[in-house]
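Structure first, then comments.
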Amino acid sequence: MNIVLLGAPGAGKGTQAAKLVEKFGMCHISTGDILRAAVRDQTELGVKAKGFMDAGELVPDELIIDLMKERIQQPDTQAGVLFDGFPRTTTQAVALDGMLSQLERPLDAALLIDVDFEVIVKRLTSRRMCRECGFIGSEADGASCPKCSGEMYQRDDDNEATVRNRLDVYEKSTAPLIDYYRGSDLLVAVDGDRDPNVVLEDIVAKLNL
């Protein structure tokens with residue numbers, strides 16, 4: 001299956017993506033990963049993207065679309081793709097439809113991990129990470145990592161003002177995709193404010209995986 005993953009920052013998209021990849025062997029394509037790889041490998045598109053990234057500007061739709069065209073033609077995508085962070089705009093969504101149509105591998109679903117914004121604010125502002133092993137926990141874990149006893153800290157962007165700004169940006173720019181995919185009868189929504197394994201079971205049932 002080819003699935004677009006939708007949801008606000010902190011809704012749990014990354015957690016569910018990892019579970020779906022592990023369970024079904026899908027190819028997880030993240031816009032961030034593609035950009036970093038293209039910049040690292042100094043491809044022509046990567047060099048162009050780096051110019052925008054270094055200037056603190058958003059990489060234009062056209063460039064993101066060209067990078068994605070390259071990526072989805074690679075052999076590891078044949079078993080199905082989970083698109084994470086792409087499309088971010090309706091322009092990108094229309095382009096993705098065109099790409100997949102050319103490859104005769106149409107999109108099967110747009111999966112929305114739906115979580116109330118106030119729940120996300122509480123979730124992210126209480127999030128803590130371990131400096132040693134990268135474990136992600138919460139303030140309930142205290143100052144020491146439960147896995148390696150390393151120092152737990154709060155990321156700079158997990159403060160309330162920044163989290164609310166990220167949610168505001170999401171609502172203005174990315175949320176219109178929900179209406180786009182609803183209009184295409186591809187939208188599948190699940191309640192993300194539950195145990196991650198329960199959310200996964202719901203996803204599997206609703207997508208008939």
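- A heavy-atom distance below 4.5 Å is not found between the side chains of Cys130 and Lys147.
- With Gln73 contributing its side chain and Lys69 its backbone, the two residues share a donor-acceptor pair below 3.5 Å.
- Environment of CD in Glu44: sparse, with no more than 12 heavy atoms of neighbouring residues, nucleotides or ligands closer than 6.0 Å.
- Expressed to the nearest 0.5 Å, how far CG of Leu20 lies from CE of Met1 amounts to 10.0 Å.
- Looking at Arg194 and Asp202, a side-chain N of the basic residue comes within less than 4.0 Å of a carboxylate O on the acidic one, giving a salt bridge.
- Looking at Asp41, its side chain never comes within 3.5 Å of a backbone N or O of Thr43 through a donor-acceptor pair.
- Listed for the Thr89 side chain is a donor-acceptor partner under 3.5 Å among the backbone atoms of Gln92.
- Looking only at side-chain heavy atoms (C-beta outward), Asp193 and Asp116 stay at 4.5 Å or farther from each other.
- Thr31 contributes atom OG1, which lies 7.5 Å from atom CG of Asp84 (distance to the nearest 0.5 angstrom).
- Residues Leu207 and Met26 share a single hydrophobic cluster, defined by chaining ILVMFWY side chains whose heavy atoms lie under 4.5 Å apart.
- Closest approach of Glu132 and Gly150 over heavy atoms only: CG-CA, 3.6 Å.
- Looking only at distances, a side-chain donor or acceptor of Lys206 sits under 3.5 Å from a matching main-chain atom of Ala189.
- Looking only at distances, no side-chain donor or acceptor of Lys50 sits under 3.5 Å from a matching main-chain atom of Val39.
- Following chains of ILVMFWY side-chain contacts shorter than 4.5 Å, one cannot reach Val198 starting from Val115, and the two form parts of different hydrophobic clusters.
- Val204 and Ile113 fall within the same hydrophobic cluster, where Ile, Leu, Val, Met, Phe, Trp and Tyr residues are linked whenever their side-chain heavy atoms come under 4.5 Å apart, directly or through other members.
- A distance of 10.5 Å separates CG of Leu177 from CG of Leu96, quoted to the nearest 0.5 Å.
- At least one donor-acceptor pair under 3.5 Å links the side chain of Arg105 to the backbone N or O of Thr77.
- Taking a cutoff of 4.0 Å between a charged side-chain nitrogen and a carboxylate oxygen, Lys172 and Asp168 qualify as a salt bridge.
- Residues Ala17 and His28 come closest through the heavy atom pair CB-NE2, 3.7 Å.
- Annotation: side chain of Tyr170 is in contact with side chain of Pro9 (closest heavy-atom distance under 4.5 Å).
- How far OG1 of Thr125 is from CD of Gln154: 7.0 Å, rounded to the nearest 0.5 Å.
- A heavy-atom distance below 4.5 Å is not found between the side chains of Val199 and Lys19.
- Checking each of Ile64, Val59, Leu35, Leu63 against Leu45 for a side-chain contact (heavy atoms from CB on, under 4.5 Å) leaves exactly one that passes, namely Leu63.
- Ile65 and Ile29 fall within a single hydrophobic cluster, where Ile, Leu, Val, Met, Phe, Trp and Tyr side chains are chained together by heavy-atom contacts under 4.5 Å.
- Cluster annotation: Ile136 and Val119 are assigned to distinct hydrophobic clusters (Ile/Leu/Val/Met/Phe/Trp/Tyr, side-chain heavy-atom contacts under 4.5 Å, transitive).
- To the nearest 0.5 Å, atom CG of residue Leu6 and atom CD1 of residue Ile178 are 6.0 Å apart.
- Under the 3.5 Å distance criterion, the side-chain polar atoms of Asn2 are left unmatched by any main-chain donor or acceptor of Asp108.
- In this structure, Ser126 contributes its side chain and Lys122 its backbone to a donor-acceptor pair below 3.5 Å.
- Closest approach of Asp195 and Asn197 over heavy atoms only: OD1-N, 2.8 Å.
- The one candidate from Arg123, Arg127, Arg128 that meets the salt bridge (Lys or Arg N to Asp or Glu O under 4.0 Å) condition with Asp158 is Arg127.
- Between Phe83 atom CZ and Leu5 atom CG the span is 11.5 Å, to the nearest 0.5 Å.
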